[in-house]
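Keep in mind the model is a prediction, meaning the values are calculated, not measured.
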Amino acid sequence: MGTVTIGVSIAVPEPHGSLLQERRAGFGDAAAHGIPTHVTLLPPTEVDSALLPAIEAHLVEVASAGRPFPMRLSGTGTFRPLSPVVFVQVVEGAEACTWLQKQVRDASGPVARELLFPYHPHVTVAHGIDEESMDRAFEELADYEAGWPCTGFALYEQGADGVWRKLRDFAFGSSVVPPQAGHVRGSLPTS
């Protein structure tokens with residue numbers, strides 16, 4: 001059957017996802033429309049396509065152990081000069097994201113892998129573009145705020161055209177969202 005490139009991430013919901021995707025495209029990032037706005041839990045990983053059922057079963061287990069949590073984005077950061085990336089910061093929910101990504105990549109599971117850099121949850125808004133545009137992304141989104149209750153994550157596959165497409169959603173085992181996740185002061189509306 002061959003290999004496929006997969007990723008696991010938390011989608012940034014609407015209207016925030018489209019807004020950040022459009023801003024990323026506006027900064028000149030050609031990959032913007034092929035990458036849904038997200039917080040990565042498993043970076044692009046090449047796997048044998050025959051492993052997809054086992055990977056999905058593993059992700060069901062990870063999700064069933066997870067619980068909804070408040071996510072909040074605020075302001076910008078960068079990995080420059082180490083990596084040409086500008087991002088919106090995850091200021092609430094980072095610990096839960098860190099726990100989730102460890103479970104997804106656990107050595108006992110089908111997608112065990114080491115990371116090239118220490119895990120740092122974020123939402124990329126510019127990657128590999130000229131320095132002036134990177135600076136503009138950093139400055140123009142410095143006051144950006146968004147918040148929502150995170151209730152699960154998804155498995156994506158990268159197509160031959162470079163576009164990432166969702167294969168399946170994985171909802172957390174509990175439907176109870178902490179009360180503080182319903183409203184984040186200063187955020188855009190979540191409806």
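Scanning both residues, Phe153 and Leu59, for their nearest heavy atoms gives CZ-O, 3.6 Å. Nearest heavy-atom pair across Thr76 and Phe138 is OG1-O, 2.9 Å. The two atoms that bring Ala126 and Ala137 nearest to each other are CB-CB, 3.9 Å, heavy atoms only.
Interatomic distance, CH2 of Trp99 versus OH of Tyr119, reported as 12.5 Å (0.5 Å rounding). Separating the CD atom in Glu61 from the OG atom in Ser108 is a distance of 8.5 Å, to the nearest 0.5 Å. Gln101 CD to Asp106 CG: the interatomic distance, rounded to the nearest 0.5 Å, is 10.5 Å. Note: Leu155 CG to His58 NE2 = 11.0 Å, rounded to the nearest 0.5 Å. Atom-to-atom distance recorded for Arg67:CZ and Leu100:CG is 11.5 Å, nearest 0.5 angstrom. The distance from the CZ atom of Arg136 to the CG atom of Asp130 is 8.5 Å, given to the nearest 0.5 Å.
No side-chain heavy atom of Val86 sits under 4.5 Å from any side-chain heavy atom of Ile129. With contacts defined as side-chain heavy-atom distances shorter than 4.5 Å, the pair Val91/Glu145 does not qualify. When side chains are defined from C-beta on, Phe27 does not count as touching Met134, because their heavy atoms never get closer than 4.5 Å. With a 4.5 Å cut-off on side-chain heavy atoms, Arg165 and Tyr156 do not count as touching. Side-chain contact between Tyr144 and Leu20 is present, with heavy atoms from C-beta onward closer than 4.5 Å.
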Stepwise side chain to side chain contact (heavy atoms under 4.5 Å, CB included) test for Glu56 and Phe170: CA-CA 9 Å; Glu56 288 191 26; Phe170 298 88; 4.3 Å; yes

Evaluate Ser64 against Phe172 for side chain to side chain contact (heavy atoms under 4.5 Å, CB included), listing each step before the verdict. CA-CA 5 Å; Ser64 69; Phe172 293 138; over 6 Å; no

Determine, stepwise, if the pair Cys97 / Ile10 fulfils side chain to side chain contact (heavy atoms under 4.5 Å, CB included). CA-CA 9 Å; Cys97 291; Ile10 295 169; 3.7 Å; yes

Under the side chain to side chain contact (heavy atoms under 4.5 Å, CB included) rule, what do Ile35 and Arg24 come out as? Steps first, then yes or no, please. CA-CA 10 Å; Ile35 305 172; Arg24 184 172 179 173; 3.8 Å; yes

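A chain of hydrophobic side-chain contacts below 4.5 Å, direct or via other Ile, Leu, Val, Met, Phe, Trp or Tyr residues, connects Leu141 to Leu73. No continuous path of hydrophobic side-chain contacts links Leu167 to Trp164 [ILVMFWY only; heavy atoms under 4.5 Å]. In the hydrophobic clustering of this structure, Val104 groups with Val123; members are Ile, Leu, Val, Met, Phe, Trp, Tyr whose side-chain heavy atoms approach within less than 4.5 Å, directly or through other members. Both Leu115 and Ile6 sit in one connected hydrophobic cluster of ILVMFWY residues. Membership requires side-chain heavy atoms under 4.5 Å apart, directly or through other members. With hydrophobic clusters built from ILVMFWY side chains whose heavy atoms lie under 4.5 angstrom apart, Val60 shares a cluster with Val111.
A salt bridge does not link Lys166 with Glu157: every distance from a Lys NZ or Arg NE/NH1/NH2 to an Asp or Glu carboxylate oxygen is 4.0 Å or more. Using a 4.0 Å cut-off between charged side-chain N and carboxylate O, Glu131 and Arg80 make a salt bridge.
When each of His16, Gln21, Glu14 is checked for a side chain to side chain donor-acceptor pair (under 3.5 Å) with Ser18, only Glu14 meets the rule.
Inspection of the Ser74 and Gln89 side chains reveals no N or O donor paired with an N or O acceptor under 3.5 Å.
Not a single donor-acceptor pair under 3.5 Å links the side chain of Glu22 to the backbone N or O of Leu19. Proximity of a side-chain donor or acceptor of Thr78 to a complementary backbone N or O of Val85 within less than 3.5 Å is detected. Using modelled atom types, no side-chain atom of Ser83 and backbone atom of Phe79 make a donor-acceptor pair closer than 3.5 Å. Panel note: side chain Thr37, backbone Val12; no donor-acceptor pair is recorded below 3.5 Å. Judged by distance alone, the side chain of Asp29 and the main-chain N or O of His127 form a donor-acceptor pair under 3.5 Å.
Other residues, nucleotides and ligands place more than 12 heavy atoms under 6.0 Å from the CG atom of Asp161. Around the CD atom of Glu95, the shell of radius 6.0 Å holds no more than 12 heavy atoms that belong to other residues, nucleotides or ligands.
In this structure Thr124 satisfies the side-chain hydrogen bond (donor to acceptor under 3.5 Å, both in side chains) test together with His122, sequence neighbours excluded. His33 is linked by a ring-ring contact (aromatic ring centres under 6.0 Å, His included) to nothing, counting only residues two or more places apart in sequence or in another chain.
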Would you mind writing out the side-chain donor-acceptor pairs for residues 39-47 within the sub-3.5 Å range, not counting sequence neighbours?
from  : atom 1 : to     : atom 2 : distance (Å)
Thr40 : OG1    : His38  : NE2    : 3.0
Thr45 : OG1    : Pro43  : O      : 2.6
Thr45 : OG1    : Arg113 : NH1    : 2.8

